[in-house]
Protein chains: 2
Amino acid sequence: MRLRHIEVFHAVYSSASVSNAAKLLNVSQPSISKVLKHAEDQLGYRLFERVKGKLIPTQEAHRLFKEVTKVYTHLDSLQKLSENLGAKHEGVIRIASTPALGLNVIPQAVASFIEANDESRFVLETLHLDQIITSLHEGKIDLGIVFDPASYPNVQEFVLGSGELVCVAPRNKILPVNDRISLADLNDLQFVKLHGRGPLGQQLNRQIDASRLDFNTVASVETYHMAKQLVAMGAGVAIIDEITARSDPQSDIQVLRLEWPTRFQIKALALESEPLSLVCQDFVIHLQHTIDQFMSEKIT
Amino acid sequence: MRLRHIEVFHAVYSSASVSNAAKLLNVSQPSISKVLKHAEDQLGYRLFERVKGKLIPTQEAHRLFKEVTKVYTHLDSLQKLSENLGAKHEGVIRIASTPALGLNVIPQAVASFIEANDESRFVLETLHLDQIITSLHEGKIDLGIVFDPASYPNVQEFVLGSGELVCVAPRNKILPVNDRISLADLNDLQFVKLHGRGPLGQQLNRQIDASRLDFNTVASVETYHMAKQLVAMGAGVAIIDEITARSDPQSDIQVLRLEWPTRFQIKALALESEPLSLVCQDFVIHLQHTIDQFMSEKIT
DNA sequence: GTCAACCTATAACTTTTGGTTATGGGTTTG
DNA sequence: CAAACCCATAACCAAAAGTTATAGGTTGAC
């Protein structure tokens, strides 16, 4: 079985027809027919049964496909890596962060870093955790900045700082407490929920489920900033990370600490196997300082 | 980057020269030269620096190679799977077991199974645990029979029976105890050690290390049968699995139970994703009975 | 029942890829 | 300093993979 055979088999199996596979691979239909036939001849067994002009995969094909898929995932990421390695990025720091961090802290840190090092250049984007991990492996970024990630193989972590989840509410709303607020206090307020894919959202939702309280959820959102924005618009209260809560202090919300706060860490991620460039190392340290400072400012 | 490029790059990188790679892939040296050049042209960056007639991998090459290796392992196993799927084995049960089990229990079970089902056919071999897992995935065998394996993804387990580690000694040797023996009792005897790759050997060695006793190890062997054979020849005492100890009862050894015996399970392994054939299922049940019977016989 | 719209397979031909041998120019080494 | 390596290039060839054109099943709407 040659590599091209695998390629074609994969396309035919997953698109369920020779013609579709041809479109998928941007070649003509007869080409696929021929290569597939060639593969079967060489293997000595049918991969598809031709019945009434349709192809139905044989037992062997099903079995093979499972393995082929695995190889394919890797192959795909390899392709991308090989492309990404081509783009020269001397002295460029490529960073992806989760939206919560990317909208405020990172820009701030980058801006002040550039001020001090006018040589340095950045490429920035916001992604979700899993995409950040993929991008690291594909050589698309040098650093990922996230909340409390699970640990991944071949990924090293640098702690940048820590914070806690806080409650945000419209500033004009009068809440039953002054100092720290408990989950139970939120019970009869309109609540904006995080439908958490990220580690923080998951943690919070588990906690809420465990509390057995029946929250009056008026909206469920993906990103913390969106939750905060909803709160500012008077839609209800929400529990979000301290970073997002602290950003844009002019906005029309009040921030309350929780009675039993969930703490989290902010970490920078990089490949273990690839030594970080000196600029990157400097930037990580700079980030730590920026976050330190950010977190020590008086909360609104 | 085409697939052939990856193939050639892998060969050149791992054999450290174009000529060696050519031998490795059974093609001429200029062919490799050309394909490699083509790959570099297309990628837009050098994979190797040509210095004084030698090739030294660039930074990019190092990075790529790590990923390529992963893909390669999978690709290789895929190739084998595709070949193995070709060989028809209707009604044939293909089994690999660890040597300890393969030399006695399995043959016994197979023999009696054939007696009852004269249609059935077997292919047997002995392998170590990791090779058994690989063979399962490559479709080379239907069943693996092993001691206490760690769990592997996509591998299902059937418990066949259990036993314990026992001490074996030459029959004429007079040991300080009659009934159960402790590790401490073995302290000043010549000891045959298992340098355990398998799960059982590892477990035992950990236990011995923990006991802080200073064993007088005269030989270190790989398989239980070899240890037993050494014991029979008077080389010393050994701790081995009950199955091996019980096999060939005519041999010139005595078996003693340990004071704190390590128990183990015997398991059949099969792919989770591939339904076991009916004959295989029957055979697994037959194996359970055979082992049951084997273990209930009086120990020598 | 027939026609349009699918599908796949084959034939005939071209292009691209990967392969060959022959050769030449560097390095290293005994 | 020759012998024994290394790699690159040129000229040529075979196989693989691509093309268009065409033909023959199935299916479903009318």
Side-chain angles (χ1 to χ4, degrees), chain A residues 1-58 60-62 64-65 68 72 75 78-79 82, chain B residues 1-58 60-62 64-65 68 71-72 75 78-79 82-83:
Chain A
M1 206 176 193
R2 322 188 81 93
L3 294 172
R4 181 59 175 171
H5 295 160
I6 296 175
E7 217 169 359
V8 167
F9 166 67
H10 180 257
V12 173
Y13 186 103
S14 45
S15 67
S17 94
V18 169
S19 336
N20 291 339
K23 282 169 209 152
L24 209 66
L25 298 178
N26 285 313
V27 294
S28 68
Q29 168 263 312
S31 178
I32 300 291
S33 270
K34 197 167 60 163
V35 173
L36 185 61
K37 181 178 161 51
H38 190 176
E40 288 180 323
D41 286 351
Q42 196 183 303
L43 283 172
Y45 52 91
R46 304 277 93 178
L47 289 168
F48 297 92
E49 226 53 71
R50 277 73 168 170
V51 49
K52 302 193 199 237
K54 289 277 169 62
L55 299 189
I56 59 172
T58 61
E60 286 83 3
H62 286 305
L64 261 188
F65 186 73
V68 168
Y72 244 69
L75 214 51
L78 181 58
Q79 296 288 2
S82 76
Chain B
M1 205 180 194
R2 330 186 121 260
L3 294 172
R4 181 61 175 173
H5 294 159
I6 296 175
E7 219 167 0
V8 167
F9 167 66
H10 180 257
V12 173
Y13 188 102
S14 45
S15 67
S17 95
V18 169
S19 337
N20 291 338
K23 283 170 208 150
L24 208 68
L25 298 179
N26 286 313
V27 294
S28 68
Q29 168 262 312
S31 178
I32 301 291
S33 271
K34 196 166 62 164
V35 174
L36 184 60
K37 182 178 159 54
H38 191 183
E40 288 180 323
D41 286 352
Q42 197 183 303
L43 283 172
Y45 53 91
R46 304 277 93 179
L47 290 168
F48 298 92
E49 227 53 68
R50 277 74 168 171
V51 50
K52 303 196 197 235
K54 289 275 170 63
L55 300 189
I56 59 172
T58 61
E60 286 83 2
H62 286 305
L64 262 189
F65 185 72
V68 168
V71 174
Y72 242 69
L75 214 50
L78 182 57
Q79 295 289 0
S82 76
E83 287 162 27

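Convention: sequence-line order gives letters A, B, ...; per-chain numbering from 1. These numbers were taken from a predicted model, which means no experiment stands behind them. Side chains included, hydrogens not; waters and symmetry mates left out as well; all remaining heavy atoms used.
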Pair B/Arg50-B/Leu55, side chain to side chain contact (heavy atoms under 4.5 Å, CB included): steps then yes or no: CA-CA 5 Å; B/Arg50 277 74 168 171; B/Leu55 300 189; 3.6 Å; yes
Nucleic acid contacts of residues 6-16 of chain A, taken as heavy-atom distances under 4.0 Å to DNA chain C: none
Contact residues, residues 28-44 of chain B to DNA chain C [heavy atom, < 4.0 Å]: B/Ser28, B/Pro30, B/Ser31, B/Lys34
A/Arg50 vs C/dC7: side-chain N/O to OP1/OP2 distance below 4.0 Å: no
Qualifying residues under side-chain contact (heavy atoms from CB on, under 4.5 Å), relative to B/Arg2, sequence neighbours excluded: B/His5, B/Gln42
Pairs satisfying salt bridge (Lys or Arg N to Asp or Glu O under 4.0 Å), at least one member in residues 3-20 of chain B, at least two apart: B/Arg4-B/Glu7
Pairs meeting criterion salt bridge (Lys or Arg N to Asp or Glu O under 4.0 Å) with involvement of residues 15-29 of chain A, two or more places apart: none
For atom NE2 of B/His5 and atom P of C/dG19, their distance in whole Å: 10 Å
Those residues that, when tested against A/Thr58, pass side-chain hydrogen bond (donor to acceptor under 3.5 Å, both in side chains) (two or more places apart): A/Glu60
Non-neighbouring partners of A/Ser19 that pass side-chain hydrogen bond (donor to acceptor under 3.5 Å, both in side chains), sequence neighbours left out: none
Where chain A begins and ends its contact with DNA chain D, read 5' to 3' at 4.0 Å from heavy atoms: D/dA16 to D/dT27
Salt bridge (charged side-chain N to carboxylate O under 4.0 Å, His left out) partners of A/Lys54, counting only residues at least two apart: none
Side-chain donor-acceptor contacts of residues 24-35 of chain A below 3.5 Å, not counting sequence neighbours, with atom names and distances?
unit_1: A/Gln29; atom_1: NE2; unit_2: A/Ser33; atom_2: OG; d: 3.3

Derivation of the side chain to side chain contact (heavy atoms under 4.5 Å, CB included) call for A/Ser82 and B/Tyr45: CA-CA 10 Å; A/Ser82 76; B/Tyr45 53 91; 4.0 Å; yes
Ring pair (Phe, Tyr, Trp, His ring centres under 6.0 Å): pairs with one or both residues in residues 11-33 of chain B, sequence neighbours excluded: B/Phe9-B/Tyr13, B/Tyr13-B/His62, B/Tyr13-B/Phe65
Comparing A/Lys52 and A/Arg2 on DNA chain D - which has the more 5′ nearest nucleotide: A/Arg2
